Amino acid sequence: MTANRKQLEADLIQFVRSRGSRHVAVILRTDLLESGLLDSLLLMDFIFHIEEAYGVRFDSDQVNPSNFRTIEDIVGFVLSQLSMPQGQSG
Amino acid sequence: MEVLLLQVGTHEALGATTAHDVSDYRAPSPLAVANLGTAFLNVARARADHPAVAANRDVFSYDWIRRAANCVGGCLRARLRHVLGARVALQLSNSPEYLAAFYGTLLADCVVVPLPISLEEHRRRQILGSCKPEILITRLSDFNSQEAHSPATTLALPENSNEKISFSPPVRRDRDLAMLLFTSGSMGMPKGVMLSHRNLLANADSILRGLPICADDRALAVLPFCHAFGNSILQTHILSGATLLIDRLTFPSSIVEALRRLEATSFSAVPEVYSMLLKYGHLGELPLPALRYMTVAGGGLRYDLATEIENRIRPASFHVMYGQSEATARLASLPPEQLRIRRGSIGRPISGVDLAVMDEANRELPAGIIGMLCARGENVMLGYWQDKSATTDVLSGDGWLRTGDLAHCDEDGFFYLHGRASLLVKVQGHRVHPAEIEGLVEAGFPETCAVAIPMARGDETRFVLFLAPRDDRPINVMKIRAVCQSELPAYKQPLHYEVLDRFPLTPGYKIDRSALALLVPRIRGTPRIQADDILTQS
């Protein structure tokens with residue numbers, strides 16, 4: 001699984017770096033909340049991107065700081081959802 | 001361009017944020033003065049001890065903001081050789097510093113150019129190149145690391161002991177330019193909406209006549225102040241002597257929690273924020289006893305979501321509003337009791353505004369007929385910055401602004417929207433033109449023809465990028481996607497890339513965008529990358 005974790009990490013880092021020049025230095029463990037880099041609009045974009053690109057759906061309780069503090073946290077959440085035996089939609 | 005870094009020195013700690021000051025204060029009409037900076041000073045003197053901004057755990061009184069604005073204004077006057085009409089760019093997130101910089105710039109007789117703090121580099125260059133600001137005001141946390149090498153001066157607020165300032169009142173007034181708001185133009189290039197002191201004061205006055213804003217209000221400010229709608233929240237509340245609440249509002253649940261904890265009396269946002277609040281925010285599960293009303297503008301909110309919000313926030317009321325940057329901010333408002341009766345309506349013009357539906361020859365159309373929605377009033381912009389032809393495209397000699405929105409009016413004078421007349425699409429309250437995305441791809445991949453088509457994504461709008469070869473060279477979707485990801489902010493990035501052998505054409509041999517739009521529902525819901533790919537053991 002590790003190789004594809006890398007792919008997911010690279011994808012999400014690229015995604016957040018495209019946000020603008022304040023975001024270009026974001027790495028896997030940058031605290032997106034403490035640094036103020038994750039605002040509500042970027043959060044919304046993250047959710048769209050993850051739902052569309054990976055088919056992962058968020059429940060209302062899963063959109064929270066512990067799943068979105070760092071790219072690493074987001075990757076961990078996506079992988080945990082993908083490995084769950086849930087109905088694979090779409 | 002010189003950089004001025006604002007730094008907050010002394011201020012009061014948490015205390016007054018939850019104290020309810022029930023006062024009889026009634027601010028004078030914004031139209032009583034001719035300069036927005038002066039209007040602010042008048043309120044700030046009368047409301048000196050009242051909190052103007054409660055940011056996280058700190059409270060900033062009107063007196064603090066006034067002193068800080070004077071400090072910024074004095075600094076600008078001391079630094080600029082020609083202050084009258086000089087542009088001053090603001091790169092500041094919602095903060096007391098933003099207010100100090102905004103009013104300070106006006107008090108120095110300069111023009112405010114607010115920039116979003118997250119702005120793509122090429123767009124930023126276009127804007128700065130177009131209006132050539134003398135000074136950029138920012139603060140460390142909102143500053144781009146890339147520009148760190150620019151010479152920067154630090155200014156401590158609310159007082160800078162090195163620069164004792166007492167300066168004469170501002171002289172710019174009425175139709176003089178006060179603010180340049182950059183928005184996406186019809187071909188994707190940014191256009192500077194020129195707003196005068198009169199525009200800003202008149203729109204604030206109109207809104208205050210229509211919304212129940214009073215001096216004891218506490219508005220949770222989630223919209224960026226650099227956005228036309230966010231700016232109008234700022235002006236209407238400050239000119240009423242009310243309080244703006246600023247907090248970390250990343251998560252839908254943190255917005256709902258902040259509304260409750262900070263005892264906010266009002267909240268305004270774009271449609272996308274409301275659908276997030278419904279989906280992930282648990283809005284309505286806990287009571288919000290202080291809340292009196294919410295407003296939505298900056299795009300159409302689906303009718304069923306609007307009524308759902310209204311149900312969940314009762315007894316607070318829900319105001320659907322409509323406007324655009326070219327009209328300073330707001331043009332129409334739907335009284336809450338009409339929400340279910342006038343299904344999908346944007347309401348009637350607010351005080352001081354005329355709305356009409358017109359045909360191509362600017363003749364007013366009768367009720368029920370769809371045409372161009374046009375607006376007239378003292379809030380209609382002066383024009384676009386250094387762009388006469390774009391200005392005459394939308395502004396007629398007799399003061400009517402063509403909004404670019406298609407609409408009809410019912411027999412009782414309520415208006416209903418039917419989409420944009422041009423290809424401009426609203427995403428997160430920002431106008432995006434498909435040409436921006438198409439141009440980027442075609443510049444880098446000349447062998448590829450690209451067409452961006454809006455798609456509904458839940459309650460929001462995003463793009464599908466259709467690609468077709470121009471010759472027999474293959475299309476490299478992965479590379480195109482990588483370029484879009486690195487060059488475009490997330491909300492402009494296509495959600496799907498779809499390769500076709502050739503594009504459908506209209507009888508006039510133009511690309512048939514409506515035929516492509518019909519293909520969109522077939523693509524939706526297919527993950528680009530299969531879950532199996534991610535989980536494959538290496």
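Quantities reported herein were computed from a predicted structural model and do not represent experimental measurements. Atom set for the values below is all heavy atoms of this structure, side chains included, hydrogens, waters and symmetry mates excluded. Letters go in sequence order (proteins before strands), and every chain restarts at 1.
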Handout entry: chain B-proximal positions within residues 65-76 of chain A [heavy-atom distance under 4.5 Å]
Key =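 So the qualifying residues are A/P65, A/F68.
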Problem - When B/I255, B/V273, B/T250 are compared by non-hydrogen pairs under 4.5 Å with chain A, the top option - result: B/T250
Completion exercise
Per-residue tally against chain A (heavy atom, under 4.5 Å) across B/K492, B/H282, B/K279 peaks at B/H282
Practice task
For A/S18, enumerate each residue passing the side-chain hydrogen bond (donor to acceptor under 3.5 Å, both in side chains) test, keeping only those at least two apart in sequence or located in another chain.
Solution key: B/Q493
Practice task
Go through the atoms of B/S275 and report whether side chain, backbone, both or neither lie under 4.5 Å from a heavy atom of chain A.
Solution key: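 Neither; nothing under 4.5 Å.
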Problem - Interchain contact, B/S486 with chain A, by part (heavy-atom threshold 4.5 Å) - result: both
Practice task
Could you label the plane-to-plane angle of the A/F58 and A/F77 rings as parallel, tilted or perpendicular, counting under 30° as parallel and over 60° as perpendicular?
Solution key: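 The arrangement is parallel - the two ring planes meet at less than 30°.
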Exercise for the section: Measure the acute angle between the ring planes of B/Y274 and B/F267, then classify it against the limits of 30° and 60° as parallel, tilted or perpendicular. Expected result: perpendicular
Problem - Nearest atoms (heavy-atom pairs only) where A/L43 meets B/M276 - result: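 Shortest heavy-atom separation between A/L43 and B/M276 comes out as CD2-CE, 4.2 Å.
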Practice task
Mind checking salt bridge (charged side-chain N to carboxylate O under 4.0 Å, His left out) for B/E487 and listing every partner two or more places apart, or none if nothing turns up?
Solution key: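 Here no residue qualifies.
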Handout entry: Residues which pass salt bridge (charged side-chain N to carboxylate O under 4.0 Å, His left out) with B/E257, listed by chain and number, not counting sequence neighbours
Key =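 Here the qualifying residues are B/R261.
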Handout entry: Pairing of B/R462 and A/E51 as salt bridge, 4.0 angstrom limit
Key = no
Handout entry: chain B interface, residue from A/L33, A/L37, A/D61, A/D39 that has the most non-hydrogen pairs under 4.5 Å
Key = A/L33
Practice task
Without swapping roles, check the side chain of B/N476 against the backbone of B/K479 for a donor-acceptor pair under 3.5 Å.
Solution key: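 Between the backbone of B/K479 and the side chain of B/N476 there is a qualifying donor-acceptor contact (under 3.5 Å).
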